[in-house]
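Just below is one structure, and these are the notes that go with it.
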Amino acid sequence: MKAIIQRVTRASVTVGGEQISAIGQGICVLLGISVEDTQKELEHMVRKILNLRVFEDESGKHWSKSVMDKQYEVLCVSQFTLHCILKGNKPDYHMAMPTEQAESFYNSFLDHLRKTYKPELIKDGKFGEYMQVHIQNDGPVTIELESPTAPIDSKQLAKLEKQQQRKEKTRMKVPSESSRERNAPRSKNDPSASSGAEGDVSSEREP
């Protein structure tokens, strides 16, 4: 699990031109869930986010207080692109948890966040929707968090890569039967190959 934490003076989420969430001073969390994440990673990330010391104390000392210490707000936004792997210049997201599983996992993350802190201070975007996220970064302060995970299972990774390759192959255009017939070599004795004959397949080809 990965998270980009930004200290903000305000932040909001808009969907379809309508603002659906907004916070004042606090932190904005962009959260990426991977195929390997479990309840253990979820709990670790919640603990780190809420205890991350990115605020000043009463005397002005930097990096002394967490969002919980200051009783500030938290805005969470699901961000699967954090698990991008580049293949050349093309982003690949097979390491991100599939949508159906990710939505349930993300909701569990929000529930745990609210139970650990104050429900009324936790806001979020709209999972799976096209969003505009407006962030007024304070500082700027941006910190990347990543939960500790077990070593990647090479067999599982290979399986995921094969699944991705199969998906890409299905997108490729398969030549039609008529196309294969047109491209097949013809015998000199094949009457349909004679130039100018009625119904001559060769006449359909480009000069």
Side-chain angles (χ1 to χ4, degrees), residues 1-34 37 41-86 89-93 95-99 101-149:
M1 188 179 289
K2 295 180 179 180
I4 301 297
I5 315 297
Q6 297 187 64
R7 188 178 72 187
V8 302
T9 52
R10 64 185 178 199
S12 62
V13 175
T14 300
V15 175
E18 179 184 355
Q19 182 175 289
I20 62 168
S21 284
I23 64 169
Q25 196 162 16
I27 57 175
C28 181
V29 180
L30 304 178
L31 186 78
I33 303 168
S34 85
D37 287 330
E41 282 75 47
L42 184 154
E43 292 173 1
H44 171 89
M45 190 59 77
V46 166
R47 188 167 59 250
K48 281 292 184 183
I49 288 169
L50 294 178
N51 290 285
L52 184 64
R53 296 187 294 178
V54 293
F55 298 98
E56 299 177 351
D57 64 13
E58 292 72 18
S59 65
K61 184 179 179 182
H62 296 292
W63 320 114
S64 299
K65 297 291 183 179
S66 68
V67 69
M68 284 204 302
D69 293 330
K70 302 291 283 186
Q71 297 291 288
Y72 288 159
E73 295 176 290
V74 179
L75 174 62
C76 293
V77 179
S78 177
Q79 180 80 98
F80 74 90
T81 59
L82 288 176
H83 287 287
C84 163
I85 295 174
L86 286 180
N89 291 320
K90 181 182 178 181
D92 179 277
Y93 303 110
M95 287 305 295
M97 186 177 285
T99 304
Q101 297 169 253
E103 184 171 10
S104 175
F105 195 94
Y106 178 67
N107 289 332
S108 295
F109 169 83
L110 291 174
D111 289 342
H112 195 66
L113 204 61
R114 290 178 175 125
K115 288 175 183 176
T116 308
Y117 190 24
K118 293 184 175 180
E120 67 274 15
L121 296 181
I122 305 296
K123 308 291 177 62
D124 71 297
K126 197 167 184 180
F127 188 92
E129 293 290 333
Y130 189 88
M131 297 176 276
Q132 285 78 47
V133 184
H134 306 273
I135 301 170
Q136 188 165 302
N137 196 311
D138 181 27
V141 173
T142 301
I143 294 175
E144 182 179 359
L145 297 179
E146 186 167 359
S147 60
T149 56

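FYI, side chains are in, hydrogens and waters are out, and symmetry mates aren't considered; it's all heavy atoms of this structure.
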Y72 vs I27 side-chain heavy atoms within contact, under 4.5 Å: no
Any M131 side-chain heavy atom under 4.5 Å of V77 side chain: yes
Parallel, tilted or perpendicular: rings of Y93 and F80 (30°, 60°): perpendicular
Set of residues satisfying salt bridge (Lys or Arg N to Asp or Glu O under 4.0 Å) with respect to R10, sequence neighbours excluded: none
Within-4.5 Å side-chain heavy-atom neighbours: E43 and H112: yes
K70 bridged to D57 by N-O distance under 4.0 Å: no
Pair S147-D37, side-chain contact (heavy atoms from CB on, under 4.5 Å): steps then yes or no: CA-CA 9 Å; S147 60; D37 287 330; 4.1 Å; yes
Pairing of E144 and K2 as salt bridge, 4.0 angstrom limit: no
NE2 (H62) with more than 12 external heavy atoms under 6.0 Å: no
Within-4.5 Å side-chain heavy-atom neighbours: F109 and R114: no
Any side-chain heavy-atom pair of H134 and S12 under 4.5 Å: yes
Q136 versus T9, side-chain donor and acceptor atoms under 3.5 Å: yes
